[in-house]
Peer 1: 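Below you will find the structure I want to go over with you.
In this chain, numbering begins with 1 at the start of the sequence shown. Both counts, for ligands and for their atoms, begin at 1 and track the order of listing.
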Amino acid sequence: MPTETPPRARPHPTSSLDLPVTALPGVGEGSEKLLERLEIRTIGDLLWHLPRTYLDFSKFVPLRQLRAGKRQTVEAILGHISQRRTARGLLMTEVDLVDPADRQPSGVKATWFGRQFIKERFPEGQLVRLAGDVKWFGRSAQLSNPKIETATAEPVHTGRIVPVYRLTEGLKEGVLRRWLHTAVEGGPRRSPVVNEVAEPLPEEIRARRSLMPVQTALRQIHFPATIAENLAARRRLAFDELFVLQLALGQRRARWTKDAKALVLRVGDDELARWVTELPFTLTAGQRAALDQIRSDLGRRVPMSRLLEGDVGSGKTIVAALAARIAVASGAQAALMAPTELLAEQHYRSLSGVFGPTGPRLALLTSRVSGAARKQTIDALADGSLDVVVGTHALVEEGVAFRRLALAVVDEQHRFGVRQRAVFREKGIDPHLLLTTATPIPQTLSQTLYRDLDISELHEIPTGRHQIRTEVRAADALPKVWPWVRERVALGEQAFIVTPRIEEDPEDDIASAEATYRDLSRGELKDLRVALLHGRMPARDRDTVMIRFANGELDVLVATTVIEVGIDIPNAAVMVILGAERFGLAQLHQLRGRIGRRGQKAFAILVSEAAAGSERLAAMTEVSERTGEPLDGFELAKRDLEIRGAGEFLGKEQSGESELRIVDLADADPELIDETAVEADALLAKDPQLERPEHALLAAAVEELWRRYALA
Ligand code: ADP
Ligand code: MG
């Protein structure tokens, strides 16, 4: 979005916060690379590396009351210290702990492995604080590898609520915590850098919403005095995050509405009724309602941004086709974009069927359409002699010119169109946008990130839900699964084997398509026609494999999720999903939606090491109390969100960095969402461009947000 917002100077150009992190006392040159991996480059970045969680070591437990199996913190006098080598050659330091209350041996020991410095740094007789896991050894309690500090030192690692940070290999927890302590609490001779953090929130809002100052919040989030203070700090920082998000979205909404130049598309009742009666089936109530909503959106100057959600088979295509027809009836063009070429071809065929010979003039444009045919289509789109084009995203995004593009349908869109809108805006066209997806958008996201996206839902499956028998199995069941796959193939069925990875990684044993294909085609499935399919193969090879599979020239396809939104293979009735715990529930649901398409009996076997204890995977076989049927895509997505959080909805490329720091958009506090929306709207009413000096920090934060999310 940088094209629309002028660059601004950094908010605090002379602040230590902008200095390289190595400028902080204690952070050596060698640490730079490690910190870089955590996206920490400046002291400011370090300060915003917030704790992942906390350990409550704030209550000292008397030594003789330690409980095994818990993490606890104690005060103790170091008694006899001994060191020896274990059978495996590891240095072990063992200390008898003396109870400071009566100066008598407590019977409790502390042990460390490989920490030479303990003996050097902490002499016998010293009063220390220790915090860590307590175990039973024989009849006495033992603190194993505890954190240790002298009792006179300021509590950093023990004796308080201790922050726990996300680390990277080679970076020690205690070291990072020490640096943050320096940043937040300062050192003997310097004031803490946290004091340089400027307050971004207007005083008025802080007072109205009872929010603590930002510096206090940062202090309390890193080194909380009490849990209550920490919660208040989280609320404060969460407010900031949501507030900035709401400002950004508010500005975008205003911009898009203000210069909206979408074509107004209308169709008469009679004509629409005629199209609908010409269909080979009756629309479901959901399809009807969605169509009415779309029709009303298309009649406005503000471009439609609507998401059509519906489980696999709920009939989204026909709704999209009718929307395209409305565009064409108004003298404009429509484009339908699919995620794969094969799917584009499938859509092309179904649209041809729906439109018939007298309907809109339709063409297919994929990379497989070439030469004269391609040129003809491109020319026809430019001169307006074609009405509707079906292709992949890429084709429409990369400079095919339209005479009057009024509607773009993006099929199976999981990022919900933010990017598409940006792409079209950059090209100076402003089409109505209809997005379809089988992955429902979580409610808190629809109230924040996608506040300007309207939603239509299809809940019925017109052709009836086909029953797919789903079972969850541990990997040790595989020796029985493969012969069973062979039996099914002998009965004339085809099978998918899905893996979470393409390539194998020696570091772990996550199933990969390549290794699975290699092993099975040489081993258990040697006598079958097995092929490999994954996203890193050239599109053309991928299509060839899919077509051979569709034509029944292959028995088994070992694939990654590229088949998720793939084509219909009516004969496929078996799916084995390896490493099933690595997939989202909605994704597993979509995957298994690929089999049993003819209504035949179909089987999905979810293989997972976590088979027995997985609440998530169990949801795949659960029957809804409401409907008496297996959970549908909506219910599964909701369940997944409850269990796993919103990360995956924010898009893969940005995962990690993309998530907001504090707020989990999957279950953000609805009250906070409301409050921030109200405050953001009020602020933008007074200062729409955030130009006032007192809003400079907010403006910078909004800009930063755009950069991080590429929301545009
Ligand atoms: P999806 O929502 O998964 O994209 P499709 O649009 O591909 O679903 O539709 C699935 C199948 O259901 C198609 O064969 C389509 O022709 C058929 N279909 C769509 N709507 C209806 C309906 N109202 N009644 C009967 N069949 C329908
Ligand atoms: Mg579809």
Peer 1: For atom 16 (O) of ligand 1, what is the closest protein heavy atom, and at what distance to 0.1 Å?
Peer 2: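 Its nearest protein heavy-atom neighbour is Phe281 CE2, 3.7 Å.
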
Peer 1: If we set the cut-off at 4.0 Å for heavy atoms, which region of Thr317 has an atom near ligand 1: side chain, backbone, both, or neither?
Peer 2: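 Both backbone and side chain of Thr317 come within 4.0 Å of ligand 1.
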
Peer 1: Checking salt bridge (charged side-chain N to carboxylate O under 4.0 Å, His left out) between Asp387 and each of Arg404, Arg403, Arg361, which is the one that passes?
Peer 2: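 That would be Arg361.
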
Peer 1: Is the closest side-chain donor-acceptor distance between Asp311 and His589 under 3.5 Å?
Peer 2: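 A donor-acceptor contact under 3.5 Å links the two side chains.
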
Peer 1: As a check for students: among Ala320, Gly315, Ser350, Pro280, identify the option with a heavy atom nearest to atom 19 (C) of ligand 1.
Peer 2: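 Ranked by closest heavy atom to atom 19 (C) of ligand 1, first place is Gly315.
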
Peer 1: Tell me, which protein residue and heavy-atom name are nearest atom 20 (N) of ligand 1, and how many Å apart are they?
Peer 2: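 Result for atom 20 (N) of ligand 1: Gln287 NE2, 3.0 Å.
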
Peer 1: Among all protein heavy atoms, pick out the one at the shortest distance from atom 12 (O) of ligand 1; state its residue, atom name and that distance to 0.1 Å.
Peer 2: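 For atom 12 (O) of ligand 1, the nearest protein heavy atom comes out as Thr463 CG2, 4.0 Å.
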
Peer 1: Looking at ligand 1, is there an atom of it that comes within less than 4.0 Å of some heavy atom belonging to Gly313?
Peer 2: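 Yes.
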
Peer 1: So if I count the atoms of ligand 1 from 1 in the order they appear, which ones are less than 4.0 Å from some heavy atom of Thr282?
Peer 2: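 With Thr282 as reference, the close atoms of ligand 1 come out as 22 (C), 23 (N), 24 (N).
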
Peer 1: At a 4.0 Å cut-off, with the gap strictly under it, does some heavy atom of Asp411 reach an atom of ligand 1?
Peer 2: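 Per 4.0 Å heavy-atom rule, Asp411 does not contact ligand 1.
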
Peer 1: Do you see a donor-acceptor pair shorter than 3.5 Å between the side chains of Gln293 and Ser456?
Peer 2: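 The criterion, which ignores hydrogens and geometry beyond distance, is satisfied for Ser456 and Gln293.
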
Peer 1: Does atom 22 (C) of ligand 1 have a protein non-hydrogen atom under 4.0 Å from it?
Peer 2: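 Within 4.0 Å: yes, protein heavy atom nearby.
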
Peer 1: Is Thr621 close to Val472 at the side-chain level, that is, under 4.5 Å between some pair of heavy atoms?
Peer 2: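 Side chain of Val472 against side chain of Thr621, heavy atoms only: contact under 4.5 Å found.
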
Peer 1: Are Glu457 and His459 close enough that a side-chain donor and a side-chain acceptor fall under 3.5 Å?
Peer 2: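 Glu457 vs His459: donor-acceptor pair found between side chains.
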
Peer 1: Can you find a side-chain donor-acceptor pair between Glu309 and Thr437 that sits under 3.5 Å?
Peer 2: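 No, no side-chain donor-acceptor pair sits under 3.5 Å.
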
Peer 1: Which protein heavy atom lies closest to atom 24 (N) of ligand 1, and at what distance to 0.1 Å?
Peer 2: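 For atom 24 (N) of ligand 1, the nearest protein heavy atom is Pro462 CB, 3.3 Å.
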
Peer 1: Hey, is atom 3 (O) of ligand 1 touched by any protein heavy atom at less than 4.0 Å?
Peer 2: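 Protein heavy atoms within 4.0 Å of atom 3 (O) of ligand 1 - there is at least one.
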
Peer 1: Side chains of Leu291 and Leu272: does their closest heavy-atom pair fall under 4.5 Å?
Peer 2: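 SC-SC contact between Leu291 and Leu272 confirmed.
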
Peer 1: Is the closest side-chain heavy-atom distance between Thr470 and Leu606 below 4.5 Å?
Peer 2: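 Thr470 vs Leu606: side chains touch.
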
Peer 1: Return yes if a side-chain donor-acceptor contact under 3.5 Å exists between Gln287 and Thr284, otherwise no.
Peer 2: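 Present: a donor and an acceptor within the cut-off.
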
Peer 1: Could you tell me, atom by atom, which parts of ligand 1 come under 4.0 Å of a heavy atom of Thr284?
Peer 2: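 In order of numbering, the contacting atoms are 23 (N).
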
Peer 1: At a non-hydrogen distance cut-off of under 4.0 Å, which region of Asp311 contacts ligand 1 (side chain, backbone, both, or neither)?
Peer 2: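 Under 4.0 Å from ligand 1, Asp311 contributes backbone atoms alone.
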
